[in-house]
Protein chains: 2
Amino acid sequence: MGNQHVTSAKSPVAEFKVGVDNVIFSVDTQRNRLLILLVKRPNDPFANYFSLPGTLVRRSESLETAAYRTLSEKIEVENLYLEQLYTFGEPGRDPREYQDAIENRYLSVSYFALVRYEDTTLITKSNKKTVWHSLKEIPQLAFDHNRIVDYGYQRLRNKLEYSPIAFKVLPEAFTLNDLYQFYTTVLGENFSDYSNFRARLLKLGFLTDTGLKVSRGAGRPAALYRFDEDAFALLKDKPLVFI
Amino acid sequence: MGNQHVTSAKSPVAEFKVGVDNVIFSVDTQRNRLLILLVKRPNDPFANYFSLPGTLVRRSESLETAAYRTLSEKIEVENLYLEQLYTFGEPGRDPREYQDAIENRYLSVSYFALVRYEDTTLITKSNKKTVWHSLKEIPQLAFDHNRIVDYGYQRLRNKLEYSPIAFKVLPEAFTLNDLYQFYTTVLGENFSDYSNFRARLLKLGFLTDTGLKVSRGAGRPAALYRFDEDAFALLKDKPLVFI
DNA sequence: ACAAAAGTGTTACCGTTACACCCATGC
DNA sequence: GCATGGGTGTAACGGTAACACTTTTGT
C-alpha cells in the first residue's frame with residue numbers, strides 16, 4: 001500500500017444498488033440436520049440456480065429492515081436471531097453491472113439469521129421455489145453466494161460457542177439433551193462429551209429447572225429447563241464458553 | 001437479490017453512494033497512548049468537525065481498494081493490518097440524503113486498520129487537518145462516526161486477544177516488554193501479569209529469539225524476538241489466547 | 001429383567017494466577 | 001553497590017477431558 005498522491009484524473013463516484021442477502025440457518029433436531037434456506041431464481045442472471053433469499057433495499061428502508069422483509073417474504077417465523085454478516089462489493093460480482101453503458105454497481109450486505117425450524121412455515125406460492133437445504137450438500141449457487149454461506153457458517157459456529165443464540169431458537173422449555181443435540185448438529189459430533197457439556201452449562205447458572213419432566217419413549221424422563229435471561233445478564237461480558 | 005412476490009405498491013429501489021470510513025488505530029509505545037486517525041472536515045455537512053478518514057467508492061473500485069486509497073491519501077505507512085468492520089446504512093445517517101428531491105442514500109462500509117505508529121508519516125498538505133488523536137479523548141465526530149469508533153475499538157481488543165495482528169505492527173525484532181507494553185496500552189493496565197504473559201507467549205512457540213540484545217538505559221539488556229510465521233501457521237485454527 | 005435414556009461422580013491433567021525471587025547492566 | 005529493568009520459578013487453584021457409574025423409566 002503505497003503513498004500515491006493521486007493527482008491524475010480520478011474516476012467518478014460509482015452508483016450503487018444495495019442488496020441484502022440472508023444466510024438463514026435452522027436446525028432440524030428430529031433428523032439432526034443443519035439447514036439453510038435457499039430460493040430458486042426464476043429469472044436471469046443465474047436463472048434456475050439456487051441463491052440466498054435477498055432483496056434490493058428500497059427507499060427509506062434500513063438495511064436491517066430489508067433483511068427482515070426478505071425473511072418474512074419467504075418464511076413465517078416468530079423466534080429468530082439476526083445480525084449483519086459482511087458486505088461484499090467488488091466490481092463484477094453481479095453480471096447486471098455490465099448491462100448498461102453506465103456502470104451500476106451491486107453491493108451485497110449479507111445478514112446472518114438463525115430461526116426455529118419447528119415453527120417455521122415456508123411461504124411457497126404453490127411453486128417449490130423456497131426450500132430448506134442441508135448444509136452438507138449445498139449446490140453451486142448464484143453470484144458469490146457460496147462464499148457468503150461459508151462465511152455465515154463460520155459465524156454460526158462462533159456465535160454458538162460464545163453467545164446464547166441457541167436459546168432464541170429452542171423451545172421455551174427444553175431438555176439438556178435437546179440442547180446437546182442442537183450443538184452437536186451444528187458443531188459436529190465430537191465437540192464435547194455430553195456429561196461435561198451438561199456440567200458446564202448447569203454450573204453457569206442461567207438454566208433453571210422448570211420442575212417438569214418429559215418422557216420420550218423408553219428411558220428415564222428428562223428434566224425440562226428454561227433459559228433465565230436475568231441470571232444470564234449477570235454474566236454479561238464474562239468470557240462465556242460452551243465449547 | 002431475488003424474486004420478491006410483492007403485489008402491493010412497493011416503494012422503489014433506493015440509489016446509493018457508498019462511502020468507506022476507516023477506523024485507523026496506532027499505538028504510540030513511547031508515550032503509551034492508543035491513537036486514532038481523524039481528519040477535520042473542510043466542508044459541510046459537519047464542517048470543522050472531526051471525522052474518520054473516508055472516501056466515496058469510485059467506479060470499478062472495490063471496497064477494500066477504496067479503504068486502502070483513503071489510508072494512503074492520509075498517511076504513508078508500510079506495515080499495517082486492515083479488515084472490514086461493519087456497514088451502516090440507515091436512512092438519514094447522512095444529511096446530504098435530503099438535499100435533492102430524489103432520495104440519494106449514503107451507505108458507509110467501515111474498515112478497521114492497525115498501523116505501525118513509528119514509521120507512519122501523516123500527509124498534511126501544510127494544513128493540520130489530519131491528526132492522531134488519543135482514544136481517551138475523542139471529540140464529538142461528524143455523522144455517526146463516534147459509534148463506528150466504538151465498534152472499531154471493540155474489534156481491536158478482540159483481535160488482539162485472538163489473533164497475531166500485533167506482530168504486523170511491531171518492528172521486526174522486538175522485546176517481550178515491547179509486546180507487553182503494546183498489549184497494555186490497548187487492553188488496559190491489568191489485562192495480565194507480565195511474567196504470565198511472557199510465559200504464555202513463549203510456550204506458544206512462534207516467538208524466536210534472534211540472539212540479539214538491546215539495552216535501554218539502566219537494567220539488564222532485553223532479548224530481541226521475532227514473530228515466526230511458519231511456526232504460527234502450525235497453530236492455525238487452534239484456540240489461541242494471549243489474554 | 002433388561003435395554004434405553006437421563007443424570008452423577010471421579011480422577012488425572014493442564015493452564016491460570018499471584019506472587020517471590022534471581023540476573024545483568026548503568027551509574 | 002544499588003537501583004533499574006529483564007527474566008525465572010513455584011505453589012494453590014480451578015477448569016477440562018475422559019470415563020465409569022447410578023437412576024428412572026418403557027416394554
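Within every chain, numbering begins at 1; the chains are lettered A, B, ... in the order of the sequence lines, protein sequences first and strands thereafter.
Among the atoms of the strands shown, none is found under 4.0 Å from any heavy atom of B/Ala199.
Mapping heavy-atom proximity under 4.0 Å, the span of DNA chain D touched by chain A runs 5' to 3' from D/dT16 to D/dG26.
Here the C1' atom of nucleotide C/dG15 and the CZ atom of B/Phe197 are 16 Å apart, to the nearest Å. Between A/Asn196 atom CG and C/dC13 atom P the separation is 16 Å, expressed in whole Å. Atoms CG (A/Leu201) and C1' (C/dG7) sit 14 Å apart, rounded to a whole Å. Here C/dC27 presents its C1' atom at 19 Å from CZ of B/Arg220, a figure rounded to the nearest Å. One atom, NZ of A/Lys203, and another, C1' of C/dG7, lie 15 Å apart when rounded to the nearest Å. Computed from coordinates, the A/Leu202 CG to C/dG7 C1' distance equals 10 Å when rounded to whole Å. Going from atom CG of A/Leu179 over to atom P of C/dA6 covers 13 Å, rounded to whole Å. Rounding to whole angstrom units, OH of residue B/Tyr194 and P of C/dT17 are separated by 17 Å.
Checking B/Arg69 against B/Thr55 by side-chain atom types alone, a donor-acceptor pair falls below 3.5 Å. Under the 3.5 Å distance criterion, with hydrogens and angles disregarded, a donor-acceptor pair is assigned to the side chains of A/Arg200 and A/Ser192.
Using a 4.5 Å cut-off on side-chain heavy atoms (C-beta onward), A/Tyr180 and A/Phe191 make contact. Taking 4.5 Å as the limit, every side-chain heavy atom of A/Leu207 sits out of range of all side-chain heavy atoms of A/Asp228. B/Ile24 places none of its side-chain heavy atoms less than 4.5 Å from the side chain of B/Ile36.
Listed nucleotides: C/dA24, C/dA18, C/dT17. Nearest to the side chain of B/Pro221: C/dA24.
Nearest-nucleotide positions on DNA chain C place B/Ser195 closer to the 5' end than the other of B/Ser195 and B/Lys213. Mapping B/Thr175 and A/Ser215 onto DNA chain D by nearest heavy atom places B/Thr175 at the nucleotide closer to the 5' end.
Every residue was checked against the salt bridge (charged side-chain N to carboxylate O under 4.0 Å, His left out) condition with B/Asp150, not counting sequence neighbours, and none meets it.
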task = Starting from the C-alpha separation in whole Å, work towards a yes-or-no answer on ring-ring contact (aromatic ring centres under 6.0 Å, His included) for B/Phe227 and B/Phe206.
result = CA-CA 6 Å; B/Phe227 178 68; B/Phe206 53 72; 5.4 Å; yes

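One finds a side-chain N or O of A/Arg198 lying less than 4.0 angstrom from the OP1 or OP2 phosphate oxygen of C/dG7.
Side chain A/Asn177 to base C/dA5: no donor-acceptor pair is found below 3.5 Å.
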